[in-house]
Q: 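Would you mind keeping the following structure in view while I ask a few things?
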2 protein chains.
Amino acid sequence: MSDSQKFPVAAHALAYLAHKDAMSADRAVASGELAASMPTNPVVVRRVTAMLAKAGLIATRAGAGGGAWLLKNPQEIRLDTVLRAVNGCAHLGAPPPGVKGCPVGERIPDAVRAAITAADAAAAERLSLISVADLLVDPQAAGKAA
Amino acid sequence: MSDSQKFPVAAHALAYLAHKDAMSADRAVASGELAASMPTNPVVVRRVTAMLAKAGLIATRAGAGGGAWLLKNPQEIRLDTVLRAVNGCAHLGAPPPGVKGCPVGERIPDAVRAAITAADAAAAERLSLISVADLLVDPQAAGKAA
DNA sequence: AGAAACTGTATCGGTATCAGTTACGTATGG
DNA sequence: CCATACGTAACTGATACCGATACAGTTTCT
């Protein structure tokens, strides 16, 4: 999998909630409002917020006046957590299975897989340096965060 | 774009060429042989080797006895170069365009884009520590390379 | 109680991408 | 001349995604 917009949508939604100070049920933001700021469809937003809720980053409530709000401070929500919450990864592809019997054909896929895993971990580690709060201060802050 | 197998195929092909000591035209390896070691289709291999040739990593020659061979030593071919040669990237998705007029809705996409770019760069940097030669020594070497 | 707002989820259609295959023109070597 | 092999185009089937509609269940307000 992966040219998914889930991660960008999730990051945007969390930043929006942080900006709106949605830290409790009485300040919940509806999916329609979040969707309007992307812009995208409210259903797309709800598909993502449902995953974020399962990951414990936000809470949601149905019914009039319902919506989503943050369960943690924006400074404490790291983007690698967000990425994992929406099942995203820095997918570079999976190695082909390799061929039995050929000693080199058998081992290369494992080595390639190890390289991909290492790159994936490096991307996640970089994202762990960025918090949702960093997304609000200025467009360059996220890239500079260290 | 991007759950592509291009990067794994490219890495596998280069490692195979290195293993076969294909360092000159007279040791060229045909796409059929490369494909057989993945296994995949020869055309899939040629689509990738054509890109690697354009990037100057290998050379290819048509006709009987033709095929692909390396233009650089396996130790000198870094995996980030390979990834760029096949137009791959650690795709985490692209931010939605954002909404004009809303100050927060306008800036968040830029911040998200900066975060994604940073993660992508981190993945590439990690790959730059791994050479094609590292893929041959042992399956874990690639992950350990530093 | 009834209306209105909102979530979560199922489903469907349209679009895009990819792997694999076949086919063809071109180039190379015997 | 002919077999070999690359590069590329075209087609197919599979897969994934976004967006939209629909609906059941939940919550608030009057």
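Predicted model, so just to flag it, every value in this text is computed and none were measured.
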Q: Does a side-chain heavy-atom distance below 4.5 Å link B:Leu70 with B:Leu57?
A: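 Result no, sub-4.5 Å side-chain heavy-atom pair not found.
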Q: Taking the side chain of B:Ser4 as its heavy atoms from C-beta onward, which of D:dA20, C:dA19, C:dT7 lies nearest to it?
A: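 For B:Ser4, the side-chain atoms sit closest to C:dA19.
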Q: More 5' along DNA chain C: A:Arg47 or B:Gly65, using each one's nearest nucleotide?
A: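 In this pair, the answer is A:Arg47.
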Q: OP1, OP2 of D:dC6 versus side-chain N and O of B:Thr49: anything below 4.0 Å?
A: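 For B:Thr49, the contact criterion (side-chain N or O under 4.0 Å from OP1 or OP2 of D:dC6) is not met.
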Q: A:Val44 side chain: which of D:dC18, C:dT9, C:dA23 is closest?
A: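 The nucleotide sitting nearest to the side chain is D:dC18.
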Q: Closest to the B:Ala64 side chain: C:dT9, C:dG29, D:dG7?
A: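 The listed nucleotide nearest to B:Ala64's side chain is C:dG29.
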Q: Can a salt bridge be assigned to the pair A:Arg126 and B:Glu125 using a cut-off of 4.0 Å between side-chain N and carboxylate O?
A: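 Judged by the 4.0 Å cut-off on N to carboxylate O distance, A:Arg126 and B:Glu125 do not form a salt bridge.
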Q: A:Ala62 has a side chain; which of D:dG7, D:dT26, C:dG29 sits nearest to it?
A: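 Of all the options, the side chain of A:Ala62 is nearest to D:dT26.
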Q: Looking only at heavy atoms, which two atoms of A:Leu34 and A:Tyr16 are closest? And how far apart?
A: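 Here A:Leu34 and A:Tyr16 meet closest at CD2-CD2, 3.4 Å.
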Q: Phosphate oxygens OP1/OP2 of D:dA5: is one of them under 4.0 Å from a side-chain N or O of B:Thr60?
A: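 No, no such contact exists.
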Q: Can you find a pair of side-chain heavy atoms, one from A:Val9 and one from A:Met38, that are under 4.5 Å apart?
A: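 The answer is yes; the side chains approach within 4.5 Å.
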Q: Below 4.0 angstrom from OP1 or OP2 of C:dA19, is there any side-chain N or O of B:Asn41?
A: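 So the side-chain polar atoms of B:Asn41 never come under 4.0 Å of the phosphate oxygens OP1 or OP2 of C:dA19.
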Q: Could you tell me whether the phosphate oxygens of D:dC6, OP1 or OP2, come under 4.0 Å of any side-chain nitrogen or oxygen in B:Ser31?
A: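 True: B:Ser31 side-chain N/O within range (under 4.0 Å) of D:dC6 OP1/OP2.
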Q: Looking at B:Arg61 and C:dG29, is any side-chain donor or acceptor paired with a base atom of the opposite kind under 3.5 Å?
A: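 Result: no qualifying N/O pair found.
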Q: Please confirm whether the shortest side-chain N or O distance from B:Arg46 to OP1 or OP2 of D:dC6 is below 4.0 Å.
A: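 B:Arg46 to D:dC6 OP1/OP2: side-chain N or O found under 4.0 Å.
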